[in-house]
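Below: one structure, written as structure tokens.
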2 protein chains.
Amino acid sequence: MTTIKDIARIAGVSITTVSRALNDYSDVSENTRQRIKAIAKDLNYSPNAHARSLVTNKSKTIGLLVSDINKGMVKDNFLVEILSGIDHFVAQTDYDLVLFSTNSTKQREKTYSQLCRERRVDGVILQGIKTEDPYLREVIESDIPCVLIDIPIESSTVGYVTTDNVMGSKKAVEYLIQLGHEKIAMMNGHNFAFVSQSRLKGYFEALKEAHLSVNWDWIVNGAFDEGIAENVATNLLTKHPEITAIYCASDLMALGTMKAAKKLGINIPEELSIIGFDDILLASYVSPPLTTVAQNKSEMGYQAAKLLVEMLEDKDVSHAISLDTKLIVRESSGVTQQKIN
Amino acid sequence: MTTIKDIARIAGVSITTVSRALNDYSDVSENTRQRIKAIAKDLNYSPNAHARSLVTNKSKTIGLLVSDINKGMVKDNFLVEILSGIDHFVAQTDYDLVLFSTNSTKQREKTYSQLCRERRVDGVILQGIKTEDPYLREVIESDIPCVLIDIPIESSTVGYVTTDNVMGSKKAVEYLIQLGHEKIAMMNGHNFAFVSQSRLKGYFEALKEAHLSVNWDWIVNGAFDEGIAENVATNLLTKHPEITAIYCASDLMALGTMKAAKKLGINIPEELSIIGFDDILLASYVSPPLTTVAQNKSEMGYQAAKLLVEMLEDKDVSHAISLDTKLIVRESSGVTQQKIN
DNA sequence: TTGAAAGCGCTAACAA
DNA sequence: TTGTTAGCGCTTTCAA
């Protein structure tokens, strides 16, 4: 593999001059620069990023930390979309992306921050890491610049990008209220997820502004899981037949809820309106197509990468980014018919 | 950031000894080893992979080259599944994964192999790269060990893993023949994709063994695209109403074909059987659920990573891996009713 | 069992 | 405009 040494020898100059020429420093005669570049091209030279990193103390590499890449992620396609956005931005820069993932099967003995330090990533994006993950703290408390997705923590070295979950939720519930619904249940994720807290907040706000009271019996958790949501929804709908609409904090849970309703012989949307959150691919394919609050996942990835790079380049930017949602009305929601009560 | 130098100073030994202790060399007294390790832990030491790479000439890094990560990939979810498999294997090793992607918007000025050489990846997995991609040659012809997904090229430094497309195709068509179909069309991808060639071959073989003759008018290309497939299928079904079954070389095209049939008022599967290839998530959600030839994508990723690492470690293994398919019978296929002719 | 020294490929003072 | 020198953090002879 060619090195600047080789080039220097052939060009009959010092390695310093080669380095300077190749990096387009000004203090090199145009003549030698051309000559050196020609030779470099000739020898098919590629700089050794590791050697450079060693001296500059920068790797031009950003890490993407994901909790566990598994086949289950195929359904709600978060990762690809986030990745697509990150990639889109990163491709415009001279950074590359390193993927780190903890694997539940054979838990790696190294922690995230060890991984990051070993590989000398300049910064890192965290996605899908659970709030309880002990390593989350570690990364945040380390001095490695990082951007969190959907976890609103902010400091001089940590930023985040998230969807405006409160507003998103609110829009969905307001829409249901407009349709005449008053008995609106909520299928949330789990209490310790930030997004769940925000989405619940939006639900409350919408009810409050419409002067509807909160009924805690109508608020349940489906753990962001289709199957669990189905069970929980079955229970809920059986116990509380008065409910005319269920707002779900994820499409996957909405799908489970739909299944539950179907099994109970409840017609959607005539007897029960269902709204989800995310706008996953499946949402438009199920029957009836699911009304949902869409979040722009690839934009989240894009913004996360952008923010991180800006942080790395010491730009003075806000470390908190919140993206708008869009209510997509399909056929799982409709005017209430007040079936009972 | 702590270095072995710091540790050496504190331990009162040479950096050589520290290096040896940390790497579990035998020629270090158990005593000093323990002491050094304790200090390292104390100082929260992480080795600098770049420095190590510089001297060992190995980066313990493998690259994943994908053509263009974009939102379109959400539908057929190849990347996540492949990634999931790769990650699964890689997590068991001391390798990390670097993601390279060419971005169509702002074409990167660097070629794949430049990227690989700069980042000093030990080897690379190529997925979703088009056969015509000029850079494909470059990587293959370079001395960088690589594993191709779905491109059967083999040499001392290149291996591949693919699905047994011929058998998969054959199974699907044989199954249609068993159901009584004789007028079986094929919606292929494009002629220059290896998988298309293999799938076509399987189609031919099944017909031949059943003593059915090939009708070239029934063989069309849908470019692996849902929309294009829909148009092509509309055309095909209009011109050739005698067709009772269409075997599609991808689920996405099968979906397009289904749409075409529906628009033409053709009932599936009563009047027309449709079979796809891939078993994407949507296959089981569309109506009627799609019969398809499933390929194990995450296994492909796993095997690709495994093969690459084995190649890197100079193990003498076969560079060609072919995985079995499984015919998943759902409701888009059925006994023929020989509607015309 | 330990250490001294060289060197991996590069950048960056400093000198000329 | 160019070269000399030192050094990034590590491994690896070679010698003690």
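Note that this is a predicted model, so its numbers are computed, not measured.
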Check every strand shown and say whether A/Asn48 touches a base, only sugar-phosphate, or nothing at a heavy-atom separation below 4.0 Å.
-> sugar-phosphate
Is the distance from OP1 or OP2 of C/dG9 to the nearest side-chain N or O of A/Ser19 less than 4.0 Å?
-> no
Please report, rounded to the nearest Å, how far the C1' atom of C/dT2 is from the CZ atom of B/Arg9.
-> 19 Å
For B/Leu22 and D/dT11, what is the distance between atoms CG and P respectively, to the nearest whole Å?
-> 8 Å
Return the 5'-most residue of the pair B/Arg33, A/Arg52 with respect to DNA chain C, ranking by each residue's nearest nucleotide.
-> B/Arg33
Hey, is B/Asp24 close enough to B/Lys37 for a salt bridge, meaning N to O under 4.0 Å?
-> yes
Integer-rounded Å distance: C/dC10 P and B/Asn57 CG | 12 Å
Atom CZ of B/Arg117 and atom P of C/dC8 are separated, to the nearest Å, by 19 Å
Given atom CZ of B/Arg20 and atom P of D/dT13, what is their separation to the nearest angstrom?
-> 11 Å
Measure from the side chain of B/Lys5, starting at C-beta and using heavy atoms only, and say which of D/dC8, C/dG9, D/dT11 lies closest.
-> D/dC8
Reckon B/Asn23 has a side-chain N or O less than 4.0 Å from the OP1 or OP2 of D/dT11?
-> yes
So which nucleotide from D/dC8, C/dA4, C/dT11 ends up closest to the side chain of A/Leu54?
-> D/dC8
Using a strict 4.0 Å threshold on nitrogen-to-oxygen distance, state whether B/Lys297 and B/Glu81 make a salt bridge.
-> yes
Gap between atoms NE2 and P, on A/His50 and C/dT11 respectively (whole Å) | 14 Å
Which part of the nucleic acid, if any, lies within reach of A/Thr16 when heavy atoms closer than 4.0 Å are counted: base, sugar-phosphate only, or nothing?
-> base
Output the distance between atom OG (A/Ser84) and atom CE (A/Met300), rounded to the nearest 0.5 Å.
-> 13.0 Å
Side-chain N or O of A/Thr17 closer than 4.0 Å to phosphate OP1/OP2 of D/dT2 | no
With a 3.5 Å cut-off and just heavy-atom distances, do the side chain of A/Arg120 and the base of D/dG9 make a donor-acceptor pair?
-> no
At under 4.0 Å between heavy atoms, what does B/Ser53 touch on the DNA or RNA strands: base, sugar-phosphate, or nothing?
-> nothing
So do the side chains of B/Lys58 and B/Ser53 get within less than 4.5 Å of each other, counting heavy atoms only?
-> no
Rounded distance in Å - CD1 (B/Ile4) to C1' (D/dG7) = 14 Å
Would you say the side chain of A/Ile151 lies within less than 4.5 Å of the side chain of A/Leu126, judging by non-hydrogen atoms?
-> no
Among C/dC14, C/dT11, D/dT1, which nucleotide sits nearest the side chain of A/Ser29?
-> D/dT1
Answer yes or no: does a side-chain N or O of B/Thr3 lie under 4.0 Å from OP1 or OP2 of D/dG9?
-> no
Side-chain N,O (A/Tyr45) to OP1/OP2 (C/dG9) below 4.0 Å = no
N or O in side chain of B/Tyr25 less than 4.0 angstrom from D/dT12 OP1/OP2 = yes
Roughly, in whole Å, what's the span from CG in A/Asp27 to P in C/dA15?
-> 16 Å
What nucleotide among C/dA4, D/dT4, D/dT11 has an atom nearest to a side-chain atom of A/Ser14?
-> D/dT4
Under-4.0 Å salt bridge between B/Asp94 and B/Lys60 = yes
Would you indicate which nucleotide in D/dT2, D/dC10, D/dG7 comes nearest to any side-chain atom of A/Val55?
-> D/dG7
